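Structure first, then comments.
None of the values given here were measured: they were computed from a predicted structure.
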Amino acid sequence: MKCNRRFLAFLVASALAVCISAEEVVPSAEVRPEFKPTTIKAPFLEQFTDDWTKRWSPSEATKETKDGGETFSYIGKWKVEEPNVFPGILGDKGLIVDSRAAHHAISASLNNSLDNTNKTLVVQYEVKLQNGLECGGAYMKLLTESEKGIHAEEFSDKTPYTIMFGPDKCGATNKVHFIFRHKNPKTGEYEEKHMNSAPSAKISKLSALYTLIVRPDNSFEIRINNESTKTGNLLKDFSPAVNPPREIDDPNDKKPDDWVDNPKISDPNARKPDDWDEDAPSEILDNEAKKPEGWLDDEPTTIPDPEAKKPEDWDDDEDGDWIAPSIPNPKCEEAPGCGEWKRPMKSNPNYKGKWYPPEIDNPAYKGPWAPRKIPNPDYFEDLHPSNFEKIAAIGFELWTMQNSILFDNIYIGHSEEDAKKFAEETWVVKYKIEKDAEDLASKPAPSEVSSKSFWDNPVEYLRSETDEFIDKALEDPIDAIKQKPEIAGLFGGAAVILFALLTILFNLITSAKRPSASHKKTDEPTPNDKGSDKSGSQDDGGDGDNEGENNAGGKKVTKRSGKKPPKDN
């Protein structure tokens with residue numbers, strides 16, 4: 001019974017530990033605020049409420065390989081639901097990439113095309129990598145307005161976009177893209193401009209906030225989690241440059257045949273010294289070297305492996321004579337060396353190598369040649385690349401190995417203040433909840449906590465030691481007792497005290513319920529009265545355990561004690 005009580009205590013303690021851990025990892029509903037749609041307005045603002053399907057449409061397009069071969073579809077699935085890893089605000093849903101190793105494409109049109117002429121552009125959204133990110137993109141595309149309009153079912157990698165912004169990671173590549181397509185005013189062709197020195201993306205399971213701000217003066221800023229990580233200028237920090245050079249090399253200009261561009265020549269007056277020996281070797285034998293003592297001249301450096309055996313399927317006629325493989329001679333490991341000793345080589349002090357005349361300045365040197373410059377016929381100057389092409393829709397066109405990438409709280413507009421306020425209402429609130437949950441989940445288990453003194457915190461010390469003892473006892477009780485005899489003693493002492501209290505309680509209960517006679521009192525003789533004096537013997541109503549009393553006739557008899565007496569033979 002004592003062992004059963006201990007085991008029950010182990011189970012209860014373990015269950016409590018699990019419950020405590022679960023409460024620490026997932027914040028309780030009481031500390032999580034409920035989702036409320038924002039009142040902030042913008043040209044495009046998305047929080048993925050229940051009517052999200054009215055605005056977003058997945059693509060049905062196909063995509064060709066680079067060599068124009070096999071085509072494949074955007075088969076990746078999308079869904080909108082609350083996060084399942086470190087959830088933040090109650091009821092706050094996001095758009096989720098629901099398929100692994102698949103191409104995904106989905107888009108939503110703006111009510112009115114966004115014209116950024118002489119305005120600030122702010123692009124902001126959240127990314128939550130619930131399964132991490134080993135290889136895949138989580139960037140957003142702002143799709144360019146076109147005469148034929150935006151058709152969501154045809155959205156693909158070929159759909160023209162104005163800006164591509166957001167995280168991308170695969171292998172060693174980890175960056176936050178900022179790419180914009182710029183139209184050549186002369187040719188009408190578009191060219192992608194890639195930001196130089198892109199910052200790294202946040203790879204964690206917490207919601208990350210990505211913000212791009214482009215101002216009318218062509219300056220830009222990228223913020224990650226409200227912290228500035230990159231600043232620059234559209235005219236200076238992108239490749240290829242927005243504007244081509246004013247001048248280019250004349251393609252028809254050729255270097256003259258008599259042009260001398262060697263600054264140095266060999267001295268024609270120099271002569272090789274008479275004592276210069278070009279044939280002297282770089283190394284010679286070291287005649288001063290001596291063979292080390294203990295050198296084993298008669299021992300080979302390798303010997304046949306004594307443990308090797310000829311394979312059973314070896315055929316001498318077809319495979320030839322079997323020879324055991326060689327291994328290093330173990331005797332050579334303890335000796336300075338084995339086999340024939342050879343005198344080592346040393347550097348030749350007389351070695352000089354091939355003689356070359358020294359170099360002098362070239363009197364005919366004209367300097368480096370370069371073609372002359374001519375005006376660039378393709379030159380143009382766009383001083384306001386921040387006046388992007390009009391934006392008609394936004395979309396996610398991705399390939400990723402991981403699923404459960406969540407997007408939320410998208411803001412596309414012109415107000416830095418509204419974007420900041422929107423982030424304070426959403427990301428700032430949920431990030432704190434998520435971070436607290438992550439910190440609690442990362443706390444070490446009781447067995448991992450460094451040992452503390454009993455006097456530092458008696459309650460915490462006993463709790464930690466007890467939890468660890470229970471965990472070990474469930475696996476190996478004997479080992480647990482050996483490792484923590486003091487805790488085992490506490491359990492044993494508690495069990496003894498509990499058993500004693502239960503015993504006392506049991507005795508009190510049973511004594512209170514015990515009857516005053518062992519049978520019902522009656523004047524009628526019972527079958528057990530056989531052999532007694534029927535006329536003179538009468539039950540006195542006692543407990544039935546007294547013997548040797550005299551009956552009325554003076555004969556000593558034994559009163560029944562509740563048991564039937566043995567029959568006379």
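- Residues Val123 and Tyr411 form no side-chain contact, since every pair of their non-hydrogen atoms from C-beta on lies 4.5 Å or further apart.
- Taking the six-membered ring where the residue is Trp, the centroids of Trp78 and His104 are separated by under 6.0 Å.
- Across all their heavy atoms, Arg32 and Pro87 have their closest contact at NH2-CB, 3.5 Å.
- Shortest non-hydrogen contact noted between Gln130 and Val85 is OE1-N, 3.2 Å.
- Nearest approach of Val97 to Thr400, heavy atoms of both residues: CG1-CG2, 3.9 Å.
- To the nearest 0.5 angstrom, Phe165 atom CZ is 6.0 Å from Tyr125 atom OH.
- Within 6.0 Å of the CG atom in Asp50, the count of heavy atoms belonging to other residues, nucleotides or ligands does not exceed 12.
- In this structure, Arg223 forms no cation-pi arrangement with Tyr210, as its terminal cationic atom is not both closer than 6.0 Å to the ring centre and no more than 45° off the ring axis.
- Looking at every heavy atom in both residues, Ala201 comes nearest to Asn174 through N-OD1, 3.2 Å.
- Phe178 has its ring centre less than 6.0 Å from the ring centre of Phe220.
- The distance from the CD1 atom of Ile391 to the CG atom of Asn112 is 13.5 Å, given to the nearest 0.5 Å.
- For Trp427 and Phe422, the distance between ring centers is not under 6.0 angstrom.
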